[in-house]
Amino acid sequence: MERAPVIAQLSRPEEATRAVRRELTACWTAVVNAGGAVVPMDCPLPPVTEAALRPAAERIARGLSPERSRLLLATVDGTLAGWLLLRREKHPLVAHCGVVNHVQTHVRFRGMGVGAALMRCARDIARDDLRLERLQLAVRSGLGLEEFYRKAGWTEVGRWPGALRVAPGDDRDEILMSLAL
């Protein structure tokens, strides 16, 4: 029997324990190597190793802050099934906006509502806890992600054609999306 994901919110660096960071990195590695996530700027293109992603996961953990950055973890039966990062913009002109980064569901848990649960929780935290008025995110074309986000209430607000080179000869659009809260 499939169980609904349980969402936990981390808002302080000390909450991202070594075990959490290890699970986060393992999930991220599996998702990247399955073609589903963009690697950080300082990482090689896929295939990637956990060691290559570990510094980026450490930066995310160190940057957690109740006012600015929350890590949402989805677990199913105690196993990390997906995660995302919710951040408040720092500049005063856009401090009413937040950014959603690194939305990912582990390949073993796809189709179980993990991503949708994470997005609902991110919306609620952004609106109710962080008092944000709008969220934004960027997705890569060619994976059907824009439809997933549209179903969750997001609107496409722009595209950068061919902005992402996944592999030689495989350029994808970067799709900019927005959600009013």
Side-chain angles (χ1 to χ4, degrees), residues 2 4-5 7 9 24-25 27-48 53 56-57 60 69-76 80-89 91 93-130 132-181:
E2 290 183 4
I7 309 295
Q9 175 185 179
L24 187 87
T25 304
C27 178
W28 200 350
T29 304
V31 171
V32 167
N33 289 336
V38 175
V39 295
M41 293 293 205
D42 58 350
C43 286
L45 290 176
V48 298
L53 290 171
I60 288 171
S69 181
R70 312 278 180 100
L71 181 61
L72 303 185
L73 306 174
T75 58
V76 174
L80 184 67
W83 63 278
L84 65 74
L85 184 65
L86 174 62
R87 295 182 301 109
R88 172 188 295 281
E89 290 289 359
H91 195 281
L93 288 175
V94 290
H96 64 289
C97 296
V99 178
V100 177
N101 292 120
H102 306 297
V103 180
Q104 44 194 287
T105 300
H106 195 290
V107 293
R108 293 190 327 250
F109 294 94
R110 297 229 171 117
M112 296 177 61
V114 172
L118 280 165
M119 294 308 293
R120 281 190 304 274
C121 190
R123 179 199 60 220
D124 293 346
I125 290 169
R127 183 191 59 228
D128 300 338
D129 295 353
L130 295 173
L132 296 171
E133 298 171 23
R134 179 168 300 282
L135 290 175
Q136 61 189 33
L137 60 81
V139 300
R140 176 176 48 187
S141 68
L143 300 173
L145 297 172
E146 45 286 48
E147 186 58 28
F148 168 78
Y149 291 109
R150 278 190 199 105
K151 286 180 182 177
W154 291 73
T155 302
E156 181 178 326
V157 294
R159 279 182 185 249
W160 290 336
L164 303 172
R165 180 157 292 156
V166 179
D170 187 3
D171 292 353
R172 309 279 180 92
D173 294 354
E174 185 168 26
I175 304 166
L176 310 175
M177 303 195 83
S178 179
L179 178 70
L181 300 176

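The figures that follow rest on heavy atoms only: side chains count, while hydrogens, waters and symmetry mates do not. It should be emphasised that the depicted structure is a prediction, and the values quoted were computed from it without experimental measurement.
When the side chain to side chain donor-acceptor pair (under 3.5 Å) test is applied to R88, no partner is found at least two apart in sequence or on another chain.
Here L86 contributes atom CG and L71 contributes atom CG; the two are 10.0 Å apart, rounded to the nearest 0.5 Å. Here the straight-line distance linking atom CZ of R87 with atom CG of L132 works out to 11.5 Å at 0.5 Å rounding. Here CG of L73 is found 6.0 Å from CG of L80. Values are rounded to the nearest 0.5 Å. Taken to the nearest 0.5 Å, the OG1 atom of T105 stands 6.5 Å off from the CZ atom of F148. From H96, atom NE2 reaches atom CD of E133 across 5.5 Å, with rounding to the nearest 0.5 Å. Considering CG of L179 and SG of C97, their distance stands at 11.0 Å, rounded to 0.5 Å.
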Problem - From CA spacing to verdict: side chain to side chain contact (heavy atoms under 4.5 Å, CB included), W154, I175 - result: CA-CA 12 Å; W154 291 73; I175 304 166; over 6 Å; no
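Closest approach of S178 to V157, counting heavy atoms only: CB-CG1, 3.8 Å. Taking all atoms of both residues into account, the shortest heavy-atom contact from W28 to A57 is CZ3-N, 3.9 Å. Heavy atoms only, all atoms of each residue included: A122 and L135 are closest at O-CD1, 4.4 Å. Smallest separation of non-hydrogen atoms from A30 and H106: CB-NE2, 3.5 Å. The minimum heavy-atom distance linking Y149 with M177 is given by the pair CB-SD, 3.7 Å. Closest approach of V76 to A81, counting heavy atoms only: CG2-CB, 3.8 Å.
You'll find the side chain of L137 reaches within 4.5 Å of the side chain of M119, heavy atoms only. Side-chain atoms of Q136 and L176, non-hydrogen and from C-beta on, never get closer than 4.5 Å to each other. Proximity of V107 to N33: side-chain heavy atoms (C-beta onward) are nowhere separated by under 4.5 Å.
With L72 as the partner, the side chain to side chain contact (heavy atoms under 4.5 Å, CB included) test is satisfied by one option alone out of V103, L84, V100, L85: L84.
Among residue pairs with one or both ends in residues 155-171, those qualifying as salt bridge (Lys or Arg N to Asp or Glu O under 4.0 Å) are E146-R159, R150-E156, E156-R159, R159-D173, R165-D171, D170-R172; sequence neighbours excluded. Listed by first then second residue, pairs satisfying salt bridge (Lys or Arg N to Asp or Glu O under 4.0 Å) with a partner in residues 108-121 number zero, not counting sequence neighbours.
Using modelled atom types, no side-chain atom of D129 and backbone atom of D124 make a donor-acceptor pair closer than 3.5 Å.
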